[in-house]
Amino acid sequence: MINKTLTELSAGLKDGDFSSVELSQYFLQRIAKYDDELNAFITVTEEQALAAANKADEAIAAGTAGVLTGIPVAYKDLFCTDGIRTSCASKMLDNFIAPYNATVVEKLTAAGMPMLGKTNMDEFAMGSSNENSYYGAVKNPWDLERVPGGSSGGSAVAVCAKLAPVSLGTDTGGSIRQPASLTGVTGIKPTYGRVSRYGMIAYASSLDQGGVFASNAEDCALVLAAIAGFDAKDSTSVEHQVPDFSATLNDSIQGLKIGVPKEFFGEGLDNKIATVIQEALQEYTKLGAEIIDISLPNTHLAIPSYYVIAPAEASSNLSRFDGVRYGYRCEDPKDLTDMYMRSRGEGFGTEVKRRIMTGTYALSAGYYDAYYLKAQKIRRLISNDFKQAFEKVDVIMGPVSPETAFKIGAKTDDPISMYLADIYTLSLNLAGLPGMSIPAGKANDMPVGLQIIGNYFEEAKMLNIAHQFQQATDYHKQLPAQFGGEK
Ligand code: GLN
């Protein structure tokens with residue numbers, strides 16, 4: 001069961017090999033068996049899953065089912081889910097029951113996908129290791145002493161250990177690609193504006209984008225098609241045609257021009273990762289692609305500009321959590337100011353406070369020009385680098401992360417070294433471009449992801465390119481021994 005693609009699961013449901021209730025129970029049982037150890041879920045929604053699965057079985061019997069009907073899914077715990085706790089892995093929202101569904105949840109629910117639960121994450125999506133959660137760190141299924149990456153670590157681990165066949169996450173600066181890379185699953189962050197942000201609790205609104213984790217590109221294609229598209233409720237969602245991402249998966253990639261930026265292979269990159277990436281590129285040349293050396297000269301400015309812009313937007317977005325409207329309120333406030341201060345002081349974790357303080361500082365009068373405005377100008381330079389590169393190449397490839405999954409606790413006292421882990425992922429978000437991570441092999445006995453960066457709205461091409469690699473290799477089929485489970 002766990003090795004089946006979504007298309008195969010869908011066929012199994014239609015042919016009556018198993019029901020959606022049985023399929024959902026299968027994953028719920030795996031969650032019950034393994035999640036104490038992995039901590040990938042904050043909330044498991046068994047009752048809702050089985051009720052939705054029942055409805056899906058009725059639709060299948062009535063012949064009204066779509067391809068995703070009856071296949072269970074898990075959501076990062078920042079997608080609002082009607083009537084269900086949506087915590088953002090924060091004490092601040094520990095008691096917050098969302099009163100409506102995020103657009104993506106609404107769409108997948110309408111497609112008949114039962115929700116298994118809400119996955120663990122870094123608090124308010126701030127982090128690269130999934131250690132910043134009020135509910136505790138998530139463990140990497142390949143080595144329980146190591147991090148799975150963040151901030152969508154729970155969603156990546158759910159797919160990696162097959163606690164869910166597919167999950168949704170968000171990527172503000174790498175939070176889909178980095179945990180996908182560190183756990184050896186396939187993840188896609190679409191073009192900014194491709195997927196509605198409505199009902200997705202905001203971290204940095206000009207960077208946040210929802211996307212998919214699955215076992216392979218083929219599965220990502222199906223689910224991305226179901227969540228993509230214009231949404232009048234999100235003013236930054238783009239009216240752009242959503243192609244059938246599955247239709248072009250088997251197109252030839254003969255003559256494909258792959259740009260490899262030299263800045264992605266500089267100091268700080270683990271040599272063993274560089275080797276894995278070079279081997280993956282060789283595989284692409286065997287498939288008929290051409291490798292072209294390119295330069296993205298402003299790559300080194302991605303970290304400093306992102307870590308001004310993202311906290312600045314976060315400091316504004318998170319001002320709504322004041323103890324009045326949502327979530328946590330301190331005990332016995334003396335007066336209004338005391339209530340604001342203690343509710344926020346007690347409700348937010350350390351990293352979130354660090355971001356709010358940095359962001360507030362960067363936006364304050366007298367510093368705005370020096371930091372925020374400057375960072376926005378750098379952002380334009382970074383976008384221009386990509387624009388020029390895409391005049392010469394069809395797609396860009398490189399590593400996702402400079403290192404494989406590190407030990408839990410290794411970087412918690414050193415936020416700067418944690419931020420450095422984002423070196424290859426942030427620039428895409430600053431430019432609004434789509435990116436993927438696909439499993440490309442191992443280094444240090446841990447998974448290594450290959451990053452595929454496409455031009456705006458070229459997700460179909462990226463999925464095609466990823467699928468061709470996955471037809472020729474089987475890295476994406478490897479499962480951590482401990483969680484291989486029954487066939
Ligand atoms: N690691 C980055 C940060 O902490 C990216 C997080 C994300 O993409 N949500 O901001």
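Order of appearance sets the numbers: ligands from 1, and atoms from 1 within every ligand. Quick note: numbers below take in every heavy atom, side chains included, and nothing from hydrogens, waters or symmetry partners.
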A quick test of your reading: do over 12 heavy atoms of other residues, nucleotides or ligands sit less than 6.0 Å from [atom1] of [X]?
{"X": "Arg380", "atom1": "CZ", "result": "no"}
{"X": "Lys374", "atom1": "NZ", "result": "no"}
{"X": "Asp445", "atom1": "CG", "result": "no"}
{"X": "Lys387", "atom1": "NZ", "result": "no"}

Point to revise | Close N or O approach (Thr170, ligand 1; < 3.5 Å) | key: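 No - when backbone and side-chain N and O of Thr170 are compared with those of ligand 1, no distance drops under 3.5 Å.
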
Review point. Is the charged tip of Lys118 near the ring of Phe79: under 6.0 Å from the six-membered ring centre and within 45° of its axis?
Key: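 No - Lys118 does not lie over the ring of Phe79 by the 6.0 Å and 45° rule.
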
Region of [X] that comes within reach of ligand 1 [heavy atoms, distance under 4.0 Å]:
{"X": "Ser175", "value": "both"}
{"X": "Asp422", "value": "side chain"}
{"X": "Tyr203", "value": "side chain"}

**Study point:** Result of checking Asn120, Asp94, Thr43 against Tyr135 for side-chain hydrogen bond (donor to acceptor under 3.5 Å, both in side chains)
**Key:**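 Filter result, single survivor: Asp94.
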
Check your understanding: Hey, does Tyr419 sit under 4.0 Å from ligand 1 if you only count heavy atoms?
Key -> no

Review point. Within less than 4.0 angstrom of ligand 1, does Arg355 place any heavy atom?
Key: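 For ligand 1, residue contact (heavy atoms, under 4.0 Å) with Arg355 is present.
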
**Study point:** Protein contact to atom 5 (C) of ligand 1 [nearest heavy atom, distance to 0.1 Å]
**Key:** Tyr306 OH, 3.3 Å

Point to revise | Heavy-atom nearest neighbour in the protein, as seen from atom 3 (C) of ligand 1, with distance rounded to 0.1 Å | key: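 The answer is Tyr307 OH, 3.3 Å.
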
For [X], take its heavy atoms, then give the atoms of ligand 1 lying under 4.0 Å from any of them.
{"X": "Ala125", "value": "6 (C), 7 (C), 9 (N)"}
{"X": "Gly127", "value": "1 (N), 2 (C), 3 (C), 4 (O), 6 (C)"}
{"X": "Met126", "value": "4 (O)"}
{"X": "Ser128", "value": "1 (N)"}
{"X": "Gly173", "value": "5 (C), 7 (C), 8 (O)"}

Practice item. Pick out which of Leu433, Leu224, Val212 makes a side chain to side chain contact (heavy atoms under 4.5 Å, CB included) with Pro190. Key: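 Running side chain to side chain contact (heavy atoms under 4.5 Å, CB included) over Leu433, Leu224, Val212 with Pro190 returns exactly one hit, Leu224.
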
Check your understanding: Given Asp171, which of Arg194, Arg177, Lys189 fulfils the salt bridge (Lys or Arg N to Asp or Glu O under 4.0 Å) condition?
Key -> Arg177

Review point. Between Tyr371 and Tyr361, how do the two ring planes meet: parallel, tilted or perpendicular, split at 30° and 60°?
Key: tilted

